[in-house]
Amino acid sequence: MVWGLQEPSSFGMYYPNGEYVGWKDRLEAYWRNEMSEEEKTRIEANHPSDYISYVTRKFSGEIGTLIRHHGFFKLTPLLPHECPDEFRTENNMREIGALMLGLGLIVSEPLKALIEGLEPGVHLFWPLRITGQRGSGYPGCYYGMQVRRHLDSFCPELSVTGCFTKSDSTSLDWYYSRGDTKPSYAGLAMSESVIDDAHIWYERRLRDPRLFISDTLQAEIRRAGLKVWKHDKMKSV
């Protein structure tokens with residue numbers, strides 16, 4: 001069984017408003033002082049903002065795929081200095097989720113432990129301090145997460161007619177749920193043979209929803225009482 005997660009669209013406990021402290025400054029310093037001219041040319045990073053834009057694409061993109069960024073370039077793995085180490089919320093929040101949207105994903109330590117227990121060594125995690133105003137830290141440990149599993153398990157030909165739409169672009173084979181509702185998600189068909197033993201992944205062609213979890217991970221999250229994004233069952237085929 002597959003569960004599609006509804007990406008938060010407004011600021012709140014699953015999508016905190018704030019900034020990555022010092023992250024852009026660190027990338028700009030790297031561009032100015034350490035980045036080779038060869039690498040600048042490869043990704044057409046003529047200005048620090050070009051490099052920052054390119055790195056931003058890495059957090060939810062698939063390593064090795066071609067992306068359009070001025071020209072067409074392959075996404076390379078995140079480097080240690082490209083991973084932010086502090087996220088400061090604009091306001092002090094009473095509660096934040098175990099799964100949050102940021103540059104890629106932000107996960108709590110218990111959620112990280114569940115994911116790594118099911119998929120050891122698959123995804124990238126790095127320590128990320130979550131702070132409020134005046135630098136006060138939120139309880140618990142958090143991590144930035146780059147999902148490193150991308151699948152093509154969506155089967156439009158086996159999905160319920162009317163539950164999805166296709167991109168108008170002739171160059172993009174992308175699909176979208178018609179609505180963030182249980183009936184819409186339940187009509188989107190996902191191939192169990194393609195998913196196999198995956199537990200959390202992005203879909204390549206289905207762009208909304210795009211993040212998915214297995215029935216096993218969903219049960220573990222529920223058992224642990226972790227607060228994650230709204231999610232609904234998909235059609236397994």
Side-chain angles (χ1 to χ4, degrees), residues 1-18 56-57 59-62 87 89-91 93-108 110-111 114-115 118 123 142 144-169 172-192 194-195 198-237:
M1 189 179 299
V2 181
W3 297 78
L5 285 88
Q6 185 181 136
E7 187 172 290
S9 58
S10 59
F11 292 128
M13 65 180 291
Y14 298 120
Y15 184 21
N17 188 14
T56 299
R57 300 284 292 276
F59 289 92
S60 59
E62 184 175 3
F87 180 84
T89 61
E90 186 174 272
N91 302 301
M93 303 176 66
R94 289 187 297 177
E95 184 179 20
I96 54 178
L99 173 66
M100 293 177 280
L101 181 64
L103 287 170
L105 305 177
I106 301 172
V107 299
S108 67
L111 181 54
L114 291 180
I115 294 170
L118 293 170
H123 309 286
Y142 289 84
M145 177 183 179
Q146 180 194 45
V147 174
R148 284 189 167 177
R149 195 188 290 276
H150 296 252
L151 300 177
D152 190 9
S153 67
F154 176 56
C155 303
E157 68 280 2
L158 298 177
S159 297
V160 176
T161 302
C163 284
F164 65 92
T165 60
K166 189 177 186 296
S167 173
D168 292 333
S169 173
L172 294 175
D173 189 24
W174 287 359
Y175 297 85
Y176 308 85
S177 170
R178 278 197 179 275
D180 296 324
T181 64
K182 286 185 178 182
S184 291
Y185 279 33
L188 301 175
M190 313 295 285
S191 169
E192 291 184 348
V194 173
I195 295 168
H199 292 284
I200 181 168
W201 70 94
Y202 284 130
E203 281 289 323
R204 295 191 179 105
R205 293 190 299 157
L206 186 56
R207 310 298 288 189
D208 181 21
R210 192 184 174 206
L211 181 65
F212 300 83
I213 58 175
S214 68
D215 198 39
T216 301
L217 179 55
Q218 193 273 345
E220 292 294 331
I221 289 171
R222 185 179 63 240
R223 187 175 297 112
L226 302 181
K227 295 185 177 181
V228 301
W229 308 347
K230 181 181 181 297
H231 51 282
D232 289 304
K233 294 179 184 178
M234 317 289 288
K235 179 183 179 181
S236 295
V237 295

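In this text the structure is predicted, and so the values were computed from the model without any measurement. Basis for what follows: all heavy atoms, side chains included, without hydrogens, waters or symmetry-related copies.
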The single option from W174, Y175, F212, Y202 that satisfies ring-ring contact (aromatic ring centres under 6.0 Å, His included) with F154 is Y175
Assess the side chains of D180 and Y185: does a donor N or O sit below 3.5 Å from an acceptor N or O? yes
Got P156 and R205 here, is their nearest side-chain heavy-atom distance under 4.5 Å? yes
Pair E192, M1 - check side-chain contact (heavy atoms from CB on, under 4.5 Å), show working. CA-CA 8 Å; E192 291 184 348; M1 189 179 299; over 6 Å; no
Do L211 and L105 pass the side-chain contact (heavy atoms from CB on, under 4.5 Å) test, and can you show the C-alpha distance, the side-chain angles, and the key distance before you say yes or no? CA-CA 10 Å; L211 181 65; L105 305 177; 4.0 Å; yes
With no hydrogens and no angle check, is any side-chain donor or acceptor of H231 less than 3.5 Å from a backbone partner on W229? yes
Gap separating the OG1 atom of T89 from the CD1 atom of I96, nearest 0.5 angstrom: 7.5 Å
Between F164 and Y176, is the gap from one ring center to the other below 6.0 Å? no
How long is the straight-line distance from CG of L111 back to CG of L217, given to the nearest 0.5 Å? 6.5 Å
Heavy-atom neighbours of K235 NZ exceed 12 at 6.0 Å: yes
If you take all heavy atoms of C155 and S191, which pair is closest and at what distance? SG-CB, 3.8 Å
Can you tell if the side chain of L188 reaches within under 4.5 Å of the side chain of V160, non-hydrogen atoms only? no
Could you go through the side-chain contact (heavy atoms from CB on, under 4.5 Å) check for I106 and M145 one step at a time? CA-CA 6 Å; I106 301 172; M145 177 183 179; over 6 Å; no
Apply side-chain contact (heavy atoms from CB on, under 4.5 Å) to H123 and R149, showing your working. CA-CA 7 Å; H123 309 286; R149 195 188 290 276; 3.9 Å; yes
Looking at R178 and G162, would you say the former's side chain and the latter's main chain have a donor-acceptor pair under 3.5 Å? yes
Kindly indicate whether the side chain of M234, heavy atoms from C-beta on, has any atom under 4.5 Å from the side chain of W3. no
Taking all non-hydrogen atoms of both residues into account, name the closest pair between G61 and H150 and its distance. O-NE2, 3.5 Å
Looking only at atom types and distance, does a side-chain atom of S159 sit under 3.5 Å from a main-chain N or O of A189, one as donor and one as acceptor? yes
Nearest 0.5 Å please: distance from the CD atom of Q218 over to the CG atom of D232. 10.0 Å
E203 side chain to P209 main-chain N or O, any donor-acceptor pair under 3.5 Å? no
Please report the closest heavy-atom contact between C163 and S184, naming both atoms and the distance. CB-O, 3.7 Å
Is any side-chain heavy atom of E7 less than 4.5 Å from a side-chain heavy atom of L101? yes
From I200 atom CD1 to T216 atom OG1, the distance as rounded to the nearest 0.5 Å: 13.0 Å
Side-chain heavy-atom pair L172, R207 within 4.5 angstrom cut-off: no
Side-chain polar contacts of residues 9-17 - donor-acceptor pairs under 3.5 angstrom, sequence neighbours left out - could you list them?
{"from": "Y14", "atom 1": "OH", "to": "V228", "atom 2": "O", "distance (Å)": "3.4"}
{"from": "N17", "atom 1": "ND2", "to": "E90", "atom 2": "OE1", "distance (Å)": "3.4"}
{"from": "N17", "atom 1": "ND2", "to": "E90", "atom 2": "OE2", "distance (Å)": "3.3"}

Under 4.0 Å between a Lys/Arg side-chain N and an Asp/Glu carboxylate O for R204 and E62? yes
Interatomic distance, E220 atom CD to L118 atom CG [nearest 0.5 angstrom]: 6.5 Å
With a 4.0 Å cut-off, would you call D173 and K166 a salt bridge? yes
Which heavy-atom pair separates R210 from S60 by the least distance, and what is that distance? NH2-O, 3.2 Å
If we only count heavy atoms from C-beta on, is the I115 to H199 side-chain gap below 4.5 Å? no
If we only count heavy atoms from C-beta on, is the V2 to S214 side-chain gap below 4.5 Å? no
The reported gap from CZ in R57 to CG in L103 (rounded to nearest 0.5 angstrom) is 13.0 Å
